[in-house]
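Working notes, beginning with the structure itself.
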Number of protein chains: 2
Amino acid sequence: MPVGTVKYYLREGLLPAGTPTSATQAQYGEEHVERLALIRVLVGTGGLTVAAARAALQMIDAPAPSIHEVIGTAHQAIGPEVTAEPEALDRARSLVEAQGWQVACDSPALAQLAAALDACDAVGIPGMERLVGRYAAVAEQLAAFDVAAVPTTSPADAVRFVVAGTVLLEPLLLALRRLAQQDASFRRFEGPDVTPG
Amino acid sequence: MPVGTVKYYLREGLLPAGTPTSATQAQYGEEHVERLALIRVLVGTGGLTVAAARAALQMIDAPAPSIHEVIGTAHQAIGPEVTAEPEALDRARSLVEAQGWQVACDSPALAQLAAALDACDAVGIPGMERLVGRYAAVAEQLAAFDVAAVPTTSPADAVRFVVAGTVLLEPLLLALRRLAQQDASFRRFEGPDVTPG
DNA sequence: TGACATTGGATAGTGTCACCGTCCAATATT
DNA sequence: AATATTGGACGGTGACACTATCCAATGTCA
């Protein structure tokens with residue numbers, strides 16, 4: 001990892017300064033190395049901006065007492081900032097309500113859902129209602145795994161898991177979906193029989 | 001939509017030029033408006049770069065005969081370019097094999113999966129094996145919906161659906177997962193009883 | 001002890017990306 | 001004929017994640 005990048009992360013407050021031993025020297029420990037790995041992963045694989053990564057790391061440094069709160073704050077810090085029309089938000093809210101989900105009515109994920117629905121409408125994806133229902137059912141399964149996997153050993157562990165998991169399992173999920181799509185399309189369109197010709 | 005942006009898309013080859021009626025005039029039709037909406041959605045909500053969007057649109061303009069091929073090419077065009085170590089790639093491949101999935105052995109989604117797995121390792125997410133297996137099962141469900149929903153009315157419709165669906169259903173899925181997480185964490189951590197205190 | 005390399009800190013520069021502003025000449029419009 | 005609009009070319013802008021340069025102070029080694 002380039003030195004300049006480390007300095008940049010120090011400057012941006014992602015990486016805490018070492019304990020200074022003199023005017024031009026500071027001591028860094030194992031914790032700093034782990035922190036750097038976490039930053040690289042959040043910014044690199046997770047695709048977070050450094051601002052979002054800073055917010056995420058601050059949550060890890062100062063864990064909120066309630067894990068439910070942590071998840072909400074993590075979503076706030078991590079998710080892309082999306083603005084949606086009020087009526088689109090209402091649609092998203094009613095969809096969530098139809099699923100029987102309890103979510104904060106000002107959650108940024110609602111705006112993200114609203115924007116995604118609007119986008120699908122704009123290009124006219126056929127059979128969206130059915131698809132959304134099934135996606136919601138699947139999302140519920142995923143969330144059950146995620147939340148069940150949150151360690152209860154200590155608040156710090158829980159926060160770290162929530163932040164890292166929320167960010168890192170997204171690319172994992174998308175990659176798996178793509179691979180599964182390739183398999184499914186192979187089964188459906190290439191089939192067991194060779195393409196005639 | 002600002003005029004400058006439209007000009008930019010024209011310059012970048014995302015939007016085909018209108019039929020010129022004179023040296024300083026050109027005719028645009030409904031198709032161009034639809035195209036603009038598609039572009040906005042791909043680069044806005046879908047988060048594609050203009051280069052990726054151009055590749056995606058080129059697929060729509062010149063549909064490959066086989067839909068399976070289209071999906072592969074779409075993943076190539078749309079997905080982030082990720083490089084992974086050979087051993088990480090092998091791990092991803094063996095995971096895919098364990099699922100019984102048939103995928104092209106050079107699919108970019110494999111590199112994405114490998115990178116995601118490496119990232120999870122780097123920060124030490126506990127219980128990854130179980131989680132990955134469950135995520136894979138869920139991804140299989142999703143892919144089944146997706147592929148079953150591909151219209152067979154015409155190759156053009158199919159390609160359009162695949163490209164738009166691949167891109168747009170990702171933010172939808174992520175938003176739904178976040179909302180479902182909030183609900184699940186509410187149920188687990190806030191519970192039916194009010195926090196004592 | 002003295003030459004040299006390294007470090008921390010500050011500052012400014014780089015490359016990329018999506019987009020926006022400006023200009024000009026040619027054409028519509030009134 | 002006067003004015004407005006358009007297409008096209010070109011350069012500028014702001015955000016972002018770095019990256020290079022400089023300097024003074026310190027560490028290291030002969």
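Here is the naming used below: chain letters follow the sequence lines, and residue numbers restart at 1 for every chain. Note: hydrogens, waters and symmetry copies are ignored here, and every other heavy atom, side chains too, is used. Keep in mind that this is a model prediction, so the values were computed, not measured.
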- Message: Does the protein touch nucleotides 1-8 of chain C at the base, only the backbone, or not at all? Give it as B, S and - per nucleotide, heavy atoms under 4.0 Å.
- Response: ------BB

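- Taking both residues in full, the closest heavy atoms of B/Ala77 and B/Met59 are given as CB-SD, 4.5 Å, listed atom of the first, atom of the second, then distance.
- With sequence neighbours excluded, the residues forming a salt bridge (Lys or Arg N to Asp or Glu O under 4.0 Å) with A/Glu12 are A/Arg54, listed by chain and number.
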So which protein N/O to nucleotides 14-19 of chain C N/O distances come out below 3.5 Å?
residue	atom	partner	partner atom	Å
C/dA18	OP1	B/Val50	N	2.9
C/dC19	OP2	B/Tyr9	OH	3.0

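- Salt bridge annotation for B/Asp61-B/Arg35: present, with a cationic side-chain nitrogen under 4.0 angstrom from a carboxylate oxygen.
- Not a single salt bridge (Lys or Arg N to Asp or Glu O under 4.0 Å) links A/Arg11 to another residue, sequence neighbours left out.
- In terms of the salt bridge (Lys or Arg N to Asp or Glu O under 4.0 Å) criterion, residue partners of A/Arg91 (sequence neighbours excluded) are, by chain and number, A/Asp118, A/Asp121.
- Side chain of B/Arg187 to main chain of A/Trp101: no donor-acceptor pair is present (N/O by atom type, distance under 3.5 Å, no hydrogens or angles).
- When the C1' atom of D/dG7 is taken as reference, atom NE2 of B/His32 falls 14 Å away, rounded to whole Å.
- The line from OG of B/Ser107 to CG of A/Leu179 is 5.5 Å long, rounded to the nearest 0.5 Å.
- The side chain to side chain donor-acceptor pair (under 3.5 Å) test applied to A/Gln112 returns B/Arg178, not counting sequence neighbours.
- Rounding to whole angstrom units, CD of residue A/Glu12 and P of C/dA10 are separated by 13 Å.
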